[in-house]
Amino acid sequence: MDITHIIDTLNPEQRMAATSLDHNLLVLAGAGSGKTKTIVHRTAYLIITGQAHWHQILTVTFTNKAANELKSRVSRLLPNQQHAGTWTGTFHSICHKLLRIHAEEIGLPKNFQVIDTDDQLRIVKKIHKEMHLDEQQWPAKKSLNFINQMKEQGHRSFQCQDQSSAFYRTCGEVYASYEEHCSKNHLVDFAELILKTTEMLRDNEDIRWQYQTQFKHILIDEFQDTNKLQYTLISLLKHEQQRIVAVGDDDQSIYSWRGAIVDHMFSFEKDFSPVTTIRLEQNYRSTQNILNAANHIIQHNEKRLEKKLWTDSSSKEKIKLYAAYNETDEAQFVCDQIHELIRRGHTFEDCAILYRSNAQSRVFEEKLSQATIPYRVYGGLRFFERAEIKDIIAYLRLMANQQDNYAFERSINQPPRGIGRVTLDKIKHQAQLSAASFLDASQQCNISGKAAPALQLFYQLITDSIHQFGQLSLLIEHVIKETKMIAYLQAQKNHQTDAKVENLKELVSAAKHYDQYDSIQEALNEFLSHAVLDQNPKNEHAASQVQLMTLHSAKGLEFPNVFLTGLEDDLFPHKMTHADHKQIEEERRLCYVGITRAKQELYISYAETRRLYGQEMYQRPSRFIRELPQEELEYLRGNNAYTPKPKVKASYTFQLGQTVSHAKFGEGVVLNYEEDGDNSRVQVRFLNHGVKWLLCAYAKLNPV
DNA sequence: TCGAACGTTCTTTTT
DNA sequence: GAACGTTCGA
């Protein structure tokens, strides 16, 4: 058996992580240190040496993208191996799989449906209404956050009811009611997938034993991102005969806001002892300049497991820093640079535009279209989150699970078919009386007028069509046709109409991946779960496109050329994080993640003014810019043609974006300048006195 | 019953 | 700016 190709390409530390079977392993893997490669090669090593079969290796990742990447790289490494039955996926998808297998044993309806955050919020809103809570004073989001946080810590509602404060008491009540709603409607939310699985393993010795012994090897990617519940889950699967490898990087911990606990990297050594710790510090991704910048910036954080990345590769291009006049100018700059990169032989997909928040993508999209640069936006409103898609999905959900009153409510009159509030109230009332689902109740009560035939057609559509079609895509086409959804969308004549109709077509073609299932019921369940758990449709057309995404979704990816945009105070670091030192550190790690995505060239930009949420903002450059090593930077402002406004005249020696101090107003940043002889004015944003125009002749500004 | 028109609010990140 | 909720008129 030849395993040289599996271990020879690894450095000593990677090799140890890939082949060591003595203890559990904690792998501290810096950015670009070959973390994925190590996991892939360990998997291949285990298989090829006969240490484990496919189904005996559990690999947990944080995104579906990462899971798919792992799967395809393993099969590339082991081209002749059948790898059916692998357990590679996100915590959520693995738990979903386990729950589907064991649903009946733990009293979960077999056809349970997974719901997303949006569906969750609808349920909570309804509960708030029932409880007569004032949405103004007590937003549903607040309760929802509470519920999800409790679940992520493993708490059920009965564990948070006898709290002293009114706030907790009410939250506990909402939580309890929420649990009831979910179980009545056979719905399971994201956190619930993991909580239920954890409880199942905790309470069922047989099942626990089965998986403890089945999973001889457990690999956990992005370990710094595990929350308490996920950590508990892994602990429950722990068994002496098995080896667990936790791979992570504390410097890339960017999800504490959703309950991730970095300290799990410390407790792992105790809880899973004996543990061997391996550090991967050699970076294979970036040039020296980029790495210097990354190391430099992350050192501003106090709390970290010291780790220093180094590289063999030499320094190349300096990091380009562009001070844009506004967000349009910034986007224009990015487009121009992309054209330049293309001219130098790069492809579009070599380029990534990263930003802090999704709202920033719009301007880039506009400019990229104008510049006829193909692009793809990740994140934002995902495919399966779009309203028209969710509308159709609601019909399918109701077909799969007739208990789902939320799906009923969404689909019953969307598109409108003349069934309004009065009818709906009747149905709800009847449902209450006979303890039936809305769908059943709709058949029990007396409906008159034009609502009656419409309701009958709706009922038939839901109950009959599933038996008429053998293939899921045909079923969905049928639903789209019967509901006249396309005509409805076209009647609205939005600028989005065409896109929405396209999306419906894409929905059908996404469903084709499930056409081979023997039973349509099963295909439907799988499809619906997939739609929620992996919001991207399986159809990926692989055209060469510039990639647009948030910094968060860029984690784990790499690109030859990276544009790190919008480095302005309040935007990045985000204003919500200013008050809290810990959160600023997390923003800094986010910045670190962004920088380390770049292999060859890194462009950093900020805008002096920015229109965001319909408002003009004047922010100073992000503190992260000041934290960069100045010797690695090349300032593009001043000798380029992007700035529509005149530059600050040399005699006053101020540059836009420069920090200056004023005798009365203190420190500020130069935002703008107007040349007008003796009346030349300079616009400065002061730290404590807002934005002011000052006459240069009198202002006596000093550079800082 | 439905959609147009208006006012309001909230702006982060993802499974 | 957009998404949401509310109100009002057809």
Side-chain angles (χ1 to χ4, degrees), chain A residues 60-67 89-96 114-118 120-122 125 129 135-136 139-141 148 151-152 188-194 222 225-227 229-230 253-260 327 354-363 378-382 384-385 387 412-425 449-451 454 488 491-496 529-536 549-556 566 570-578 583 586-587 589-590 593-594 610-617:
Chain A
V60 192
T61 63
F62 267 80
T63 63
N64 293 292
K65 218 191 241 167
T90 61
F91 269 106
H92 295 90
S93 66
I94 299 234
C95 288
H96 172 252
V114 184
I115 56 170
D116 66 13
T117 317
D118 184 55
Q120 270 189 298
L121 191 61
R122 281 166 204 270
K125 276 188 176 160
K129 251 189 197 147
E135 180 67 27
Q136 301 284 329
K141 274 205 172 131
N148 284 333
K151 288 194 181 195
E152 272 156 18
V188 173
D189 62 50
F190 288 134
E192 184 75 19
L193 285 169
I194 305 183
E222 308 280 12
D225 288 334
T226 46
N227 65 30
L229 185 57
Q230 292 161 338
S253 155
I254 54 175
Y255 285 112
S256 74
W257 53 273
R258 64 173 201 206
E327 77 281 0
L354 309 183
Y355 35 78
R356 177 63 177 84
S357 65
N358 279 313
Q360 285 164 258
S361 75
R362 247 191 44 147
V363 188
Y378 289 85
L381 238 208
R382 306 268 230 332
F384 286 106
E385 283 169 359
I412 184 69
N413 209 23
Q414 189 65 23
R417 55 166 65 77
I419 300 172
R421 248 196 59 206
V422 177
T423 311
L424 195 56
D425 281 346
K450 65 177 178 181
Y488 172 70
Q492 307 204 316
K493 279 188 282 214
N494 281 343
H495 56 110
Q496 292 174 355
S529 309
H530 170 81
V532 185
L533 289 171
D534 186 358
Q535 301 269 337
N536 295 310
M549 65 187 79
T550 63
L551 286 156
H552 281 86
S553 31
K555 191 167 71 140
D570 283 10
L571 192 60
F572 186 36
H574 196 274
K575 65 162 172 261
M576 302 263 176
T577 65
H578 274 336
Q583 288 190 55
E586 180 146 319
E587 294 284 298
R589 291 193 291 271
L590 196 53
V593 167
R610 177 182 295 275
R611 225 184 144 68
L612 201 65
Y613 302 120
Q615 267 202 328
E616 210 74 39
M617 310 186 354

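Lettering of chains follows the sequences in order, A, B, ..., and the numbering in each one begins at 1. Source: prediction; values computed, not measured.
Of the listed residues (Thr550(A), Thr63(A), Asp225(A)), just one forms a side chain to side chain contact (heavy atoms under 4.5 Å, CB included) with Lys555(A), and that residue is Asp225(A).
Contact of Ser553(A) with dT14(B) (side chain to base): no donor-acceptor pair of N or O atoms is detected under 3.5 Å.
Taking atom CG on Leu121(A) and atom C1' on dT14(B), their separation rounds to 16 Å, with Å as the unit. Whole-Å rounding puts the Glu586(A) CD to dT14(B) P distance at 13 Å. Here the P atom of nucleotide dT14(B) and the CG atom of Asn227(A) are 17 Å apart, to the nearest Å. In this entry the distance linking CG of Asp570(A) with C1' of dT12(B) reads 13 Å, nearest Å. Whole-Å rounding puts the Lys141(A) NZ to dT11(B) P distance at 6 Å. The distance between atom CG of Leu590(A) and atom C1' of dT12(B), rounded to the nearest whole Å, is 10 Å. Here the P atom of nucleotide dT11(B) and the CG atom of Leu571(A) are 15 Å apart, to the nearest Å. In this structure, CD of Gln583(A) is placed 15 Å from P of dT13(B), rounded to the nearest angstrom.
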Report each atom pair, protein N/O against N/O of nucleotides 6-10 of chain C, whose distance is under 3.5 angstrom.
none

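At the heavy-atom level, Arg356(A) lies under 4.0 Å from base atoms of the strands shown. Thr577(A) comes within contact range of no nucleotide atom at all, as no heavy-atom separation falls under 4.0 Å. Using a 4.0 Å heavy-atom cutoff across all strands shown, His574(A) reaches sugar-phosphate atoms only and no base atom. Contacts of Phe91(A) with the nucleic acid, taken as non-hydrogen atoms under 4.0 Å apart, are absent. Looking at heavy-atom distances under 4.0 Å, Lys125(A) makes contact with sugar-phosphate atoms alone, never a base.
The closest side-chain donor-acceptor pair between Gln120(A) and Asn148(A) falls under 3.5 angstrom.
Residues that satisfy the ring-ring contact (aromatic ring centres under 6.0 Å, His included) test with Tyr355(A), not counting sequence neighbours, are absent from this structure. Checked against side chain to side chain donor-acceptor pair (under 3.5 Å), His92(A) has no partners two or more places apart in sequence or in another chain.
Neither OP1 nor OP2 of dT12(B) sits under 4.0 Å from any side-chain N or O of Arg258(A). For dT12(B), the OP1/OP2 oxygens have no side-chain nitrogen or oxygen of Asn358(A) closer than 4.0 Å. Dashed line: the shortest gap from a side-chain N or O of Lys555(A) to OP1 or OP2 of dT14(B) is not under 4.0 Å. In terms of phosphate contacts, Thr550(A) brings a side-chain nitrogen or oxygen within less than 4.0 Å of OP1 or OP2 of dT14(B).
If Phe190(A) and Pro416(A) are placed on DNA chain B by their nearest nucleotide, the residue sitting closer to the 5' end is Pro416(A). Each of Leu533(A) and Ser357(A) was assigned the nucleotide of DNA chain B with the nearest heavy atom; the assignment lying further toward the 5' end belongs to Ser357(A).
The aromatic ring of Trp257(A) does not stack onto the base of dT12(B), failing the criterion of a centre distance under 5.5 Å from the six-membered base ring together with planes under 30° apart.
Note that Lys65(A) lies in the cation-pi zone of Tyr378(A), set by a 6.0 Å cut-off to the ring centre and a 45° limit from the axis.
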- Task: Evaluate side-chain contact (heavy atoms from CB on, under 4.5 Å) for Leu533(A) paired with Asn64(A), printing each intermediate quantity in order.
- Result: CA-CA 8 Å; Leu533(A) 289 171; Asn64(A) 293 292; 5.5 Å; no

- Go through the steps to decide whether Arg258(A) and Glu152(A) satisfy the test salt bridge (Lys or Arg N to Asp or Glu O under 4.0 Å), and finish with yes or no. CA-CA 9 Å; Arg258(A) 64 173 201 206; Glu152(A) 272 156 18; over 6 Å; no

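Ion pairing between Lys151(A) and Glu192(A) holds under the 4.0 Å rule for side-chain N and carboxylate O.
Nucleotides dT13(B) and dC4(C) place their P atoms 15 Å apart, quoted to the nearest Å.
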